[in-house]
2 protein chains.
Amino acid sequence: MPRYADIRRAIEDRIISGELQPGDRIPGEEDLAAEHGVSRMTVNKALSALADAGLVVRRRRSGSFVAAPGSQATILEIHDIKSEILNAGRRYRHVVFSRRVRVATAAERARLSLSAKGRVLALSVQHFADDRPFVLEERLISIAAVPEARTVDFSVTPPGTWLLERIPWTDALHTIRAINAPARVAARLDLRVGTACLVIDRVTWRSGAPVTSVRLTYPGDRHELSARFSAGHRGR
Amino acid sequence: MPRYADIRRAIEDRIISGELQPGDRIPGEEDLAAEHGVSRMTVNKALSALADAGLVVRRRRSGSFVAAPGSQATILEIHDIKSEILNAGRRYRHVVFSRRVRVATAAERARLSLSAKGRVLALSVQHFADDRPFVLEERLISIAAVPEARTVDFSVTPPGTWLLERIPWTDALHTIRAINAPARVAARLDLRVGTACLVIDRVTWRSGAPVTSVRLTYPGDRHELSARFSAGHRGR
DNA sequence: GAGTGGTCTAGACCACTGA
DNA sequence: CAGTGGTCTAGACCACTCA
């Protein structure tokens, strides 16, 4: 394994473990070079790769800093619903209509790789744009991974926003499909039963440990997902 | 603009223009360094970035080569339907049930940035997996961008596969949404009218010039899209 | 104005692999 | 076994920007 990969991994580990928090300053290239016993160019290669991946932000004259998880999210296409609505110039509000800490069901344990007695915080949230239903969110947060979630008031900050701001994630698996709205979904989203809806399931990991899973149900006729790719700029 | 960016762009241009074809050998690092009057490290940075982007493949002892567009596609998440079905171990077949060269409508001209008399090849194709309807494809190919498409027999090679193999693309815009199947779609896909379907619209460009647009309609209950992201490896 | 990252160099050694 | 990419070095100059 090349030296620059070692250095990159070392810094990544310090970020993922939480030793380095978003906004913290990373030692300068000279310091890291001395610390690892390599030339500055080698350190530069590691830091450039991290900046390219969105984990760090580099600024001349001031140094390299751990990126806010939010900016990471943009690059990796996990969007915060609240920001998305506000950026579109619409009013945002949300309602938490169910919240429980409980033992995970078998299916949930499988999805989040939890042990037999693993507990989760289960939340049902609805988001509104300009007071119209925008999306339903059904979320599970692993208590083992995020114990402090138990005491957070998610009626102030919606759980997606809170998690994106606090938890650096390393992997995410998305699944997208279309369903016909069942009665309960239709009622919440103010649709007729059977209207096509877009369903996004996402499980998020932090260095191998599952953190949260979420199912987002959008009215199919009111919402579109867009993604632009450029060859050579991979997803930017 | 840094020198390595110039060199990268110069090579990209030669690939996109078609001067360098897939499989062609790119001059070695020493040669490029001499040609551009820079050190080998600078050329290396340009070539590494191109390899990272999937445009070139680098092999020790033999050199750097223009990548097959197919491998590019994997990285950038445009999947070939035929390969997708075959990789899943299912039988593949497709039917072209409509094919016309015609002047683009106003909406199509807008989507493909065509002039008033711009012509397109319009294709309607259905794909089957194990003889069950898998997806409907409605495709427009800009005659200006791909004149040779007029004479291709797309009943042998489906248009998506043909295009992926021949045309290096540089940008793609995806839009995903859910619809209730109208009568015609339902009949083709062997669904009841109103069944939720996943619709993917994609417009593809080659260095600023639109090449093709396609609408793929999947039965929502039979198909899921999955994507995995890793922080620091962006979409790989 | 000074410290930081951004870039570049000329040279070096090595690992791999295909001719 | 020779040619190619992969990596690394020690040093340099510059541009930017924050203190």
Side-chain angles (χ1 to χ4, degrees), chain A residues 1-12 14-15 20-68 71-72 75 232-234 236, chain B residues 1-12 14-15 20-68 71-72 75 232-234 236:
Chain A
M1 174 172 288
R3 323 265 312 236
Y4 69 80
D6 277 335
I7 297 167
R8 175 185 175 159
R9 177 167 290 267
I11 298 169
E12 258 175 5
R14 292 173 66 185
I15 295 174
L20 286 172
Q21 294 285 321
D24 284 358
R25 188 172 186 284
I26 295 166
E29 296 191 350
E30 295 281 14
D31 295 342
L32 286 171
E35 179 186 332
H36 289 89
V38 300
S39 80
R40 210 193 115 203
M41 270 291 283
T42 305
V43 169
N44 181 284
K45 193 161 182 176
L47 284 174
S48 300
L50 284 170
D52 215 43
L55 270 182
V56 310
V57 177
R58 316 194 71 195
R59 280 194 287 272
R60 285 184 150 109
R61 164 64 190 170
S62 46
S64 300
F65 301 86
V66 178
S71 59
Q72 212 188 121
I75 290 168
H233 297 90
R234 255 197 283 164
R236 279 257 177 119
Chain B
M1 174 170 287
R3 322 267 310 240
Y4 68 79
D6 278 335
I7 297 167
R8 176 186 172 157
R9 177 166 289 269
I11 298 169
E12 258 176 5
R14 293 174 65 186
I15 295 174
L20 286 171
Q21 294 285 321
D24 283 358
R25 188 171 186 285
I26 295 165
E29 296 191 352
E30 295 281 14
D31 294 343
L32 286 170
E35 180 186 330
H36 289 90
V38 300
S39 81
R40 210 192 115 202
M41 271 291 282
T42 305
V43 169
N44 181 284
K45 194 161 182 175
L47 283 174
S48 299
L50 285 171
D52 215 44
L55 270 183
V56 310
V57 176
R58 315 193 70 194
R59 279 194 288 272
R60 283 185 152 109
R61 165 64 190 173
S62 47
S64 300
F65 302 85
V66 178
S71 58
Q72 213 188 122
I75 291 168
H233 297 88
R234 256 196 284 164
R236 279 255 177 125

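Protein chains get the first letters and strands the later ones, always in sequence-line order, with residue 1 at the start of each.
- Applying the side chain to side chain donor-acceptor pair (under 3.5 Å) test to B:Arg14 and every residue at least two apart in sequence or in another chain returns B:Glu19.
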Spell out protein contact along nucleotides 11-19 of chain C as letters: B when the base is contacted, S when just the sugar-phosphate is, - when no protein heavy atom is under 4.0 Å; keep the 5' to 3' order. -B--BSBBS
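- Atom CZ in A:Arg58 sits roughly 18 Å away from atom P in C:dG3 (whole-Å rounding).
- The side chain of A:Ser64 lies closest to C:dG5 when the candidates are D:dT9, C:dT9, C:dG5.
- Remark: A:Arg9 CZ is loosely packed, at most 12 non-hydrogen atoms of other residues, nucleotides or ligands lying under 6.0 Å away.
- Under the rule for a side chain to side chain donor-acceptor pair (under 3.5 Å), the partners of A:Arg40 that lie at least two apart in sequence or sit in another chain are A:Glu29.
- Across the protein-nucleic acid pair, B:Leu50 atom CG and D:dG6 atom C1' stand 16 Å apart, rounded to whole Å.
- Between B:Asn44 atom CG and C:dA10 atom P there is a gap of 16 Å when expressed in whole angstrom units.
- Across residues 26-37 of chain A, A:Gly37 each have a non-hydrogen atom less than 4.0 Å from an atom of DNA chain D (numbered order).
- Among all heavy-atom pairs drawn from B:Ala49 and B:Arg8, the shortest one is CB-NH1, 3.6 Å.
- The distance from atom CE of A:Met1 to atom C1' of D:dC8 is 17 Å, rounded to the nearest whole Å.
- Contact annotation: A:Tyr4 does not reach the phosphate of D:dC8 (side-chain N/O to OP1 or OP2, under 4.0 Å).
- One atom, CZ of B:Arg8, and another, P of C:dG6, lie 17 Å apart when rounded to the nearest Å.
- Contact check for B:Arg25 versus B:Ser62: no side-chain heavy atoms found under the 4.5 Å cut-off.
- Every residue was checked against the salt bridge (charged side-chain N to carboxylate O under 4.0 Å, His left out) condition with A:Arg61, not counting sequence neighbours, and none meets it.
- One atom, CG of B:Asp52, and another, C1' of D:dG5, lie 15 Å apart when rounded to the nearest Å.
- Checking D:dT9, C:dT7, D:dG6 against the side-chain heavy atoms of A:Val38 singles out D:dT9 as nearest.
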Throw together a table of side-chain donor-acceptor distances under 3.5 angstrom for residues 30-37 of chain A, partners on residues two or more places apart or in other chains.
from    : atom 1 : to      : atom 2 : distance (Å)
A:His36 : ND1    : A:Leu32 : O      : 3.1

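- Residues B:Leu50 and B:Glu12 form a side-chain contact, since some pair of their non-hydrogen atoms from C-beta on lies under 4.5 Å apart.
- The minimum heavy-atom distance between B:Phe65 and B:Ile26, with the atom names listed, is C-CD1, 4.1 Å.
- Rounded to an integer number of Å, the gap from NZ of A:Lys45 to C1' of D:dT9 is 13 Å.
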